[in-house]
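In what follows, a structure is listed as structure tokens, so that the remarks can point back to it.
Chain letters run A, B, ... following the sequence lines, proteins first and then strands; every chain starts at 1. Please read all numbers here as calculations on a predicted model, not as lab measurements. Scope of the values below: all heavy atoms of this structure, side chains included, with no hydrogens, waters or symmetry mates.
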2 protein chains.
Amino acid sequence: MVDVIVEATWKILAEEGYAAASTNRIAERAGTSVGSLYQYFPNKDAIVAAVQRRHHADLGAVMAAAFSEAAGMPLEQATRRLVRASLEAHLLDPDLHRTLSERVADSVNPETRETLKTGIQGQIRHWLEAYRDDLTVTDLDTAAFVVLHMVEGVTHAAILDQEQTPDPQRIEDELTATVVRYLTG
Amino acid sequence: MVDVIVEATWKILAEEGYAAASTNRIAERAGTSVGSLYQYFPNKDAIVAAVQRRHHADLGAVMAAAFSEAAGMPLEQATRRLVRASLEAHLLDPDLHRTLSERVADSVNPETRETLKTGIQGQIRHWLEAYRDDLTVTDLDTAAFVVLHMVEGVTHAAILDQEQTPDPQRIEDELTATVVRYLTG
DNA sequence: CTCTTGTGTGACGACTTGCTCATATTAGCG
DNA sequence: CGCTAATATGAGCAAGTCGTCACACAAGAG
């Protein structure tokens, strides 16, 4: 039942937008009644937060898989793998991703977004340690921060503003080169 | 009067958040009545859109000033000037910026955000042309896209998630170096 | 002083929202 | 077949929304 509700909300957010996600519409699309919603969730924000948490878990899984594959690869190859993972993550459900990032304030889900971000930043930091001797970058924390937001910024824009954007393959190449050059002077 | 309304809305969005920006609250804070709001704006979204337009104009002005100063500088110095401008732009009013980017969907103001983005991307492209012979990057359109979102992504995160972020000076240094290395192989 | 015109007012209508709660339905067990 | 406990239901409530409109007011002209 929880799943049914979360999935219905997911679809509404992705297909109909944030404004359409009223409790009545969610119940309708879930094939239940409003009352049942409140048997499993304390309020509406909690439902949206659950969708966000699930989406973030998916994003996290894509990235985690990439990190585990990238371990052991040479720097450039590993970087490419991670950049591609970021593109894949944004392609999981671009419509939901847009609605969540454009309409759902951070405060709805205090920990989640922060958790995802610092989690990935930590993984980047950890990943960088293996190449420490080859890097010209000194402060790995700063480097992880810069790499994270550099890649996220470009991939986010590339996938979500698909109108006047270079094609993903080119983005992958450019980002990979940029990150490698940033890390190894 | 239009100014009074826009400024009141501005302050509410920045200080009290998007949810507080009801027509009644806007009128109250503007020291007018709801009726007057609708003498100058067709609906509430138009008021929010006006605030967004004004904020984007401010951002655009900061960037434009930097572009005009950067013209003629050597590449690295110019890059630093532009990176600093991006930081300055995000520091103009971080609270408003956060509310607008987290809560106000693109669709409220179809052209504006796109205009700002493509405007700056165009200026970057134009700026890059002066250094063409020194660049290893071939496609200037792609380069402008990458530089824009790389810098925006990192500066946005640096200013708005001020908790576990490196200090702005360091961000400026890292970004400047990264962009220069990206452009000149 | 009246008349007209432009502006400001705020109570109110029409509507939507999130959420509750008395009632109905189901499921499990002896 | 009861009987009980758990779950599902959806009409309806209070609160709040945006936007309107009949009216008050001010200012300038004649």
Side-chain angles (χ1 to χ4, degrees), chain A residues 1-55 96 98-112, chain B residues 1-55 96 98-100 102-110 112:
Chain A
M1 183 92 253
V2 169
D3 279 351
V4 175
I5 294 170
V6 169
E7 248 152 77
T9 310
W10 183 301
K11 282 181 193 163
I12 292 172
L13 289 174
E15 295 167 16
E16 307 173 37
Y18 185 79
S22 69
T23 52
N24 288 309
R25 181 87 189 87
I26 292 174
E28 184 190 352
R29 187 126 192 208
T32 0
S33 60
V34 215
S36 294
L37 256 56
Y38 289 90
Q39 200 139 26
Y40 299 96
F41 295 93
N43 53 47
K44 187 190 146 181
D45 271 1
I47 305 178
V48 174
V51 172
Q52 193 178 41
R53 229 159 22 237
R54 203 166 288 201
H55 180 55
L96 177 70
R98 157 175 287 117
T99 299
L100 287 177
S101 59
E102 278 188 356
R103 300 300 305 266
V104 178
D106 226 348
S107 54
V108 167
N109 226 356
E111 340 84 72
T112 312
Chain B
M1 184 90 253
V2 170
D3 279 350
V4 175
I5 295 169
V6 169
E7 249 151 76
T9 310
W10 184 300
K11 283 181 192 163
I12 292 171
L13 289 174
E15 295 167 16
E16 307 173 35
Y18 184 78
S22 69
T23 52
N24 288 309
R25 182 87 190 87
I26 292 173
E28 185 189 352
R29 187 127 191 208
T32 359
S33 59
V34 215
S36 293
L37 255 56
Y38 288 90
Q39 198 139 28
Y40 299 97
F41 295 93
N43 53 47
K44 186 189 145 182
D45 270 2
I47 305 179
V48 174
V51 171
Q52 193 178 42
R53 226 155 31 231
R54 203 166 288 201
H55 180 54
L96 177 70
R98 159 175 286 118
T99 299
L100 287 177
E102 279 188 355
R103 301 301 305 267
V104 178
D106 226 349
S107 54
V108 167
N109 226 355
T112 311

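- Counting heavy atoms from C-beta on, the side chains of A:H55 and A:W10 come closer than 4.5 Å.
- A side-chain donor-acceptor contact under 3.5 Å links A:K44 to the backbone of A:A21.
- Remark: the backbone N or O of A:R103 is paired with a side-chain donor or acceptor of B:R103 at under 3.5 angstrom.
- Between B:K44 atom NZ and D:dG16 atom C1' the separation is 11 Å, expressed in whole Å.
- A straight line from CD1 of B:I47 to C1' of D:dT17 spans 14 Å, rounded to a whole angstrom.
- The distance from atom CD of B:Q39 to atom C1' of D:dC25 is 13 Å, rounded to the nearest whole Å.
- Contact between the side-chain N/O atoms of B:S36 and the OP1/OP2 oxygens of C:dT9 is found at a separation under 4.0 Å.
- Taking atom OH of A:Y38 as the reference point, atom P of D:dG10 lies 16 Å away to the nearest angstrom.
- For C:dT9, one of the phosphate oxygens OP1 or OP2 lies less than 4.0 angstrom from a side-chain nitrogen or oxygen of B:S33.
- In this structure, CG of B:L37 is placed 14 Å from C1' of D:dT17, rounded to the nearest angstrom.
- Set against D:dT20, D:dA11, C:dT17, the side chain of B:V34 has D:dT20 as its closest nucleotide.
- Side-chain N/O atoms of B:Y40 include one lying less than 4.0 angstrom from OP1 or OP2 on C:dG8.
- Residue contacts shown for A:F41 are absent, as no nucleic acid heavy atom lies under 4.0 Å away.
- Annotation: of the two residues near DNA chain D, B:G35 and A:T32, the 5′-most nearest-nucleotide partner is A:T32.
- A 4.5 Å side-chain heavy-atom check between A:T23 and A:Y38 finds at least one atom pair inside the cut-off.
- The distance from atom CG of A:D45 to atom P of C:dT17 is 15 Å, rounded to the nearest whole Å.
- When the C1' atom of D:dA11 is taken as reference, atom CG of A:N24 falls 11 Å away, rounded to whole Å.
- With B:N109 contributing its side chain and B:T112 its backbone, the two residues share no donor-acceptor pair below 3.5 Å.
- Remark: P of D:dT17 and CD1 of B:I12 are 11 Å apart, rounded to the nearest angstrom.
- Within the 4.0 Å cut-off from OP1 or OP2 of C:dG18, at least one side-chain nitrogen or oxygen of A:T23 is found.
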